[in-house]
Amino acid sequence: MSQENVDVVVIGAGHQGLVAATALAEKGLSVVVVERSDVAGGAIRSGELTLPGFTHDYWATNMGLFLGSPYFAKHGAELGALGLKFAHSSTPYASAFPNGKNLKVVQDGDATAAMWSAHNAGDAQGWAALGALFGDFAGSYFPMYGNPLPSKGTWQGARALWKARGKKGSGELLRILLSSTRALGDRYFETPEAKSLLAAWGMHLDYAPDITGGAVFPLLECFLDMANGMSIVEGGASNLVNAMVALLEKKGGKVLLGTDVARILVNEKGAFGVRLANGEQILAKRGVISTVVLPVMVNNLLESSDVPAHMKQAAAHYRFGPGTMMVHLATNGPIPWSDSELAKFAYVHVGPYVDDMARTYQQSLAGEIPDEPLLVVGQSSAVDPSRAPEGKAVVWIQVRTLPNIPKGSTWAAQSERVADQVVAKLEKYAPGFTDTILGRHVMSPADLQAANPNLVGGDSVAGSHQLDQFLMRPSLDLGKYATEIPRLYIAGAGTWPGAGANAISGGLAAARLLKG
Ligand SMILES: Cc1cc2nc3c(=O)[nH]c(=O)nc-3n(C[C@H](O)[C@H](O)[C@H](O)COP(=O)(O)OP(=O)(O)OC[C@H]3O[C@@H](n4cnc5c(N)ncnc54)[C@H](O)[C@@H]3O)c2cc1C
């Protein structure tokens with residue numbers, strides 16, 4: 001049995017693992033990232049899934065969070081020198097409706113306001129009021145988002161926000177933060193279209209329209225994407241990962257691909273390395289950072305006798321949300337929307353309405369294939385023309401939400417049928433769409449989990465983000481990246497501040513390890 005010695009082993013070369021390793025390598029520690037897949041990046045990956053010349057982002061595509069991260073602030077120039085470029089859309093998102101109407105949000109705030117006024121004066125007023133609230137909230141929220149939770153930094157941020165807004169203003173903000181997306185829509189908007197536009201953003205996480213706390217994400221995402229537009233990685237999401245790996249290697253770190261960790265090694269002093277599936281060991285003097293979501297780590301990577309009772313309980317209580325399906329299409333040209341202007345938008349949500357989303361979620365939980373699954377239609381080549389041959393297009397469709405396992409059936413039996421349903425639904429909004437399709441690749445919730453053990457049941461966000469599990473992620477006492485096992489640290493989408501290409505928890509876990 002061969003054996004290697006390093007300071008730190010990081011499990012998982014998703015972007016958070018790479019962020020953690022880079023932070024440690026910069027401090028002069030020897031660090032190795034061990035990744036079971038043959039490709040780095042985890043939920044960030046791209047490739048020619050359908051036909052040669054068509055580059056699809058397999059999973060994550062919107063890089064807004066990454067661009068706002070402390071990692072990017074620090075290393076953006078170095079990543080740029082390593083070839084990383086972003087393609088930008090100033091027409092970030094829209095929602096389309098079966099009555100022929102649609103609501104658009106563009107980076108130009110005045111143009112957005114004019115479109116909303118033309119749609120409905122009350123909605124336009126509500127949009128302006130929510131925008132002002134976002135302005136107040138964002139300045140305090142984002143610094144909190146970059147701190148561990150709980151921590152002095154987050155409490156100080158919350159206190160400063162409360163003081164600045166006064167009791168009355170803070171009361172309104174708190175009410176919004178605790179409300180569902182349906183309640184937020186009913187409070188601020190008049191038409192079903194505007195209410196649906198908000199609710200669709202809640203569905204990206206695990207917030208069906210009637211779930212308390214769901215309003216936070218739409219409040220942030222709606223106005224952040226309006227302020228910044230939407231960006232994807234030029235040439236495909238893997239270009240971001242490749243630049244991150246190259247940066248890590250430049251700083252002395254190492255990535256081992258196609259290498260499955262079978263066990264985290266623990267003795268009376270704590271975690272001291274990992275055993276690989278091939279029997280080899282990597283010993284780590286300073287500890288192990290795992291980006292594997294808590295229940296999978298506890299059940300598969302640790303000896304039961306090494307896990308304290310409370311950590312076992314936290315793992316048992318951790319909840320995953322409904323599944324996601326990806327439908328990737330190569331098409332003969334842009335989607336022929338009834339309103340051709342929609343073809344410019346980075347994302348188009350096709351719900352259509354709040355009640356449809358509520359029913360979709362409920363059906364997913366009950367194991368039924370929803371009759372109106374929400375479609376997030378990403379028009380990758382409209383943002384980055386390099387993704388498809390001249391005149392052709394790449395379409396990224398995320399289907400939210402679906403059952404983890406369809407009742408009485410399997411995803412292998414259902415996935416192509418659901419993809420047909422998706423195409424038929426889009427055909428109603430874009431007559432002739434079906435005939436433009438040149439190639440199709442479908443990834444069911446089961447395929448998501450097979451590709452990445454963090455996506456249990458095809459949950460694209462690696463565990464519910466409902467308020468209890470978002471604010472205490474994965475549990476209150478594991479919220480600061482250290483576990484009850486000395487020298488074993490956790491990071492990734494299953495820790496605060498949750499899923500998304502936010503590049504935060506990896507850095508915070510590395511800082512925690514360095515603190516000792
Ligand atoms: C379909 C989909 C669409 C998304 N869209 C967006 C989007 O547009 N914008 C956005 O910001 N976010 C999006 N997300 C979320 C975002 O991509 C993820 O939350 C984020 O990339 C998670 O990063 P991570 O490093 O925490 O974990 P992961 O990327 O999941 O990486 C964990 C890695 O650990 C590896 N691993 C697990 N077990 C082992 C083991 N035993 N040994 C070795 N390696 C192991 C896995 O193979 C994986 O590579 C999307 C996610 C999905 C699935």
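Whatever order the structure lists ligands and atoms in, that order sets their numbers, starting from 1.
- Looking at Ser69 and Asn502, their side chains never bring a donor and an acceptor atom within 3.5 Å of each other.
- When only non-hydrogen protein atoms are considered, atom 30 (O) of ligand 1 lies nearest to Asn452 ND2, 2.8 Å.
- Ligand 1 has an N or O atom lying under 3.5 Å from an N or O atom of Ala43, backbone or side chain.
- At most 12 heavy atoms of other shown residues, nucleotides or ligands fall within 6.0 angstrom of atom CD1 in Ile405.
- Asn454 ND2, 3.9 Å is the protein heavy atom nearest to atom 27 (O) of ligand 1.
- Considering backbone and side-chain atoms together, Leu65 places no N or O closer than 3.5 Å to any N or O of ligand 1.
- Atom 31 (O) of ligand 1 has Gly14 CA, 3.3 Å as its closest protein atom, hydrogens excluded (heavy atom only).
- For atom 25 (O) of ligand 1, the closest non-hydrogen atom of the protein is Gln16 N, 3.0 Å.
- The protein atom (non-hydrogen) at minimum distance from atom 23 (O) of ligand 1 is His15 ND1, 3.2 Å.
- Between Thr324 and ligand 1, a contact under 3.5 Å exists for no N or O pair.
- Residue-ligand proximity: Gly41 is placed with a non-hydrogen atom under 4.0 Å from ligand 1.
- Counting protein heavy atoms only, atom 1 (C) of ligand 1 is closest to Met326 SD, 3.6 Å.
- Closest to atom 35 (C) of ligand 1 by heavy atom, among Gln398, Glu35, Arg36, is Glu35.
- Side-chain contact of Ser415 with Ser444: a donor-acceptor pair under 3.5 Å is absent, judged by distance alone.
- Ring pair Trp337/Phe345: centre-to-centre distance not below 6.0 Å.
- For atom 4 (C) of ligand 1, the nearest protein heavy atom (residue, atom name, distance) is Ala60 CA, 3.5 Å.
- Remark: aromatic rings of Phe134 and Phe223 are close, center separation under 6.0 Å.
- For the residue pair Trp411/Gln449, the side-chain donor-acceptor check at 3.5 Å is not satisfied.
- Among the atoms of Ser37, none of the N or O lies under 3.5 angstrom from an N or O of ligand 1.
- Residue Trp396 has no nitrogen or oxygen atom sitting less than 3.5 Å from a nitrogen or oxygen atom of ligand 1, judged on distance alone.
- Backbone and side-chain nitrogen or oxygen atoms of Gly500 are examined, and one is located within less than 3.5 angstrom of a nitrogen or oxygen of ligand 1.
- Taking 4.0 Å as the cut-off, Val461 does not count as a neighbour of ligand 1 on heavy-atom distance.
- Classification of the Trp396-Tyr347 ring pair by plane angle, with boundaries at 30° and 60°, yields parallel.
- Within the set Ile232, Asp57, Val261, Asn62, the minimum heavy-atom distance to atom 42 (N) of ligand 1 is found for Val261.
- Counting only heavy atoms of the protein, atom 34 (O) of ligand 1 lies nearest to Gly12 CA, 3.2 Å.
- In the displayed structure, Lys312 atom NZ is contacted under 6.0 Å by more than 12 heavy atoms of other residues, nucleotides or ligands.
- With His204 as the fixed residue, the side-chain hydrogen bond (donor to acceptor under 3.5 Å, both in side chains) test singles out one of His349, Gln398, Arg400: His349.
- One side chain, His88 or Gln107, offers a donor N or O that lies under 3.5 Å from an acceptor on the other.
- The N/O atoms of Ala501, backbone and side chain alike, include one that comes under 3.5 Å of an N/O atom in ligand 1.
- Taking the six-membered ring for Trp, Phe470 and Phe217 have ring centres at least 6.0 Å apart.
- Salt bridge annotation for Asp57-Arg387: present, with a cationic side-chain nitrogen under 4.0 angstrom from a carboxylate oxygen.
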